[in-house]
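Read through the structure below, which is laid out as structure tokens, and then see the notes.
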Amino acid sequence: MINFSAFLGAATMYTRYKIVEKQNQTSYFSTPVFNLVSLVLGLVGCIGMGIVANFQELAVPLVHDGGALLAFVCGVVYTLLQSVISYKSCPQWNSLSTCHVRMAISAVSCAAVVPMIACASLISITKLEWNPKEKSVTLRISTEINDDI
């Protein structure tokens with residue numbers, strides 16, 4: 001499902017790139033390189049999603065975490081660049097309220113990246129195998145029984 005989402009994200013980003021490119025030809029509001037950099041970063045983020053999907057966290061945690069870092073950081077930078085492009089194309093192609101909403105989403109995403117990286121570096125790898133002598137194994141078994149019902 002993540003691979004499919006990454007593909008749809010890439011298709012959406014390419015569509016947005018072509019729309020902005022056409023709008024920019026009609027009325028010049030931004031350098032085309034800015035739009036291209038945004039597309040490349042967005043596609044790199046989608047590649048990161050593909051890496052997360054195809055490399056299991058427990059089998060190759062370094063690759064999985066690297067893909068997640070790529071996906072999150074490139075995704076946040078993509079949203080920031082798209083917000084800036086929206087402001088530059090305002091009011092002809094976007095309303096000011098649309099620009100503000102996009103920038104608010106970008107700001108929240110930026111604020112979430114730092115704690116995400118900090119928390120991800122603090123946690124250990126999830127365990128799939130449990131020792132029956134461990135304290136929390138009874139809770140885990142009872143949870144699995146309820147899931148089966």
Side-chain angles (χ1 to χ4, degrees), residues 1-130 136 139-140 143-149:
M1 195 57 145
I2 295 176
N3 279 325
F4 186 64
S5 297
F7 172 75
L8 290 178
T12 302
M13 290 171 187
Y14 181 72
T15 303
R16 170 76 177 158
Y17 167 78
K18 293 306 275 183
I19 289 170
V20 170
E21 182 182 57
K22 195 68 168 169
Q23 290 172 342
N24 205 23
Q25 289 173 355
T26 305
S27 61
Y28 184 81
F29 54 84
S30 176
T31 175
V33 175
F34 199 64
N35 192 26
L36 182 63
V37 168
S38 176
L39 173 67
V40 169
L41 284 171
L43 294 178
V44 168
C46 290
I47 291 169
M49 285 178 64
I51 291 171
V52 167
N54 293 302
F55 293 92
Q56 295 178 355
E57 181 180 11
L58 297 175
V60 275
L62 193 61
V63 177
H64 180 88
D65 292 345
L69 188 66
L70 261 181
F72 283 117
V73 172
C74 289
V76 167
V77 174
Y78 173 81
T79 60
L80 275 171
L81 292 176
Q82 286 299 314
S83 297
V84 171
I85 289 172
S86 294
Y87 274 109
K88 288 185 175 220
S89 66
C90 187
Q92 186 171 2
W93 299 108
N94 295 299
S95 68
L96 194 56
S97 60
T98 301
C99 296
H100 290 329
V101 168
R102 285 181 178 160
M103 189 53 78
I105 291 170
S106 297
V108 170
S109 299
C110 281
V113 165
V114 174
M116 184 270 307
I117 293 170
C119 291
S121 66
L122 294 175
I123 62 170
S124 63
I125 295 178
T126 310
K127 290 169 48 173
L128 289 180
E129 308 264 337
W130 287 72
S136 60
L139 178 62
R140 181 173 185 268
T143 304
E144 286 181 1
I145 291 171
N146 288 336
D147 287 344
D148 292 338
I149 296 174

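Values reported hereafter were calculated over all heavy atoms of this structure, with side chains retained and with hydrogens, waters and symmetry mates removed.
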The test is side-chain contact (heavy atoms from CB on, under 4.5 Å); show your working for Glu57 and Val63 and say whether it passes. CA-CA 8 Å; Glu57 181 180 11; Val63 177; over 6 Å; no
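- Judged purely by atom type and a 3.5 angstrom limit, His64 uses its side chain to pair as donor or acceptor with the backbone of Phe55.
- Considering only residues two or more places apart in sequence or on other chains, Ser27 meets the side chain to side chain donor-acceptor pair (under 3.5 Å) condition with Gln92, Trp93.
- Note on residues 72-96: no pairs pass salt bridge (charged side-chain N to carboxylate O under 4.0 Å, His left out), not counting sequence neighbours.
- More than 12 heavy atoms of other residues, nucleotides or ligands lie within 6.0 Å of CD in Glu21, so this atom counts as buried by the packing criterion.
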What pairs of donor and acceptor atoms, side-chain ones from residues 112-120 against any protein atom, are under 3.5 angstrom apart with sequence neighbours left out?
none

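- At a threshold of 4.5 Å between non-hydrogen side-chain atoms, the residues Asn24 and Pro32 count as touching.
- Here salt bridge (charged side-chain N to carboxylate O under 4.0 Å, His left out) pairs that include residues 58-83, with residues two or more places apart or in two chains, number zero.
- With sequence neighbours left out, the side chain to side chain donor-acceptor pair (under 3.5 Å) criterion links Ser89 to Asn94.
- Shortest non-hydrogen contact noted between Asn35 and Tyr17 is ND2-O, 3.0 Å.
- Residues passing the ring pair (Phe, Tyr, Trp, His ring centres under 6.0 Å) test with Tyr87 are His100, sequence neighbours excluded.
- Taking CD1 of Ile105 as the start and CG of Leu80 as the end, the distance is 11.5 Å to the nearest 0.5 Å.
- For Ser95, the side chain to side chain donor-acceptor pair (under 3.5 Å) partners two or more places apart in sequence, or in a different chain, are Ser97, Thr98.
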Using atom types as modelled, flag every donor-acceptor pair under 3.5 Å from a side chain in residues 37-46 to any protein atom, sequence neighbours excluded.
unit_1	atom_1	unit_2	atom_2	d
Ser38	OG	Gln82	NE2	2.7

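- Taking Asn54 as the reference, Asn3 meet the side-chain contact (heavy atoms from CB on, under 4.5 Å) condition, with sequence neighbours excluded.
- For Ser83, the side-chain contact (heavy atoms from CB on, under 4.5 Å) partners at least two apart in sequence or on another chain are Arg102, Met103, Ser106.
- Between Cys110 and Val76, the shortest heavy-atom contact is SG-CG1, 3.4 Å.
- The side-chain contact (heavy atoms from CB on, under 4.5 Å) test applied to Leu8 returns Phe4, not counting sequence neighbours.
- Taking the side-chain contact (heavy atoms from CB on, under 4.5 Å) definition, one finds that Ile47 meets it with Ile51, sequence neighbours left out.
- Taking OG of Ser86 as the reference point, atom CG of Leu81 lies at 11.0 Å (rounded to 0.5 Å).
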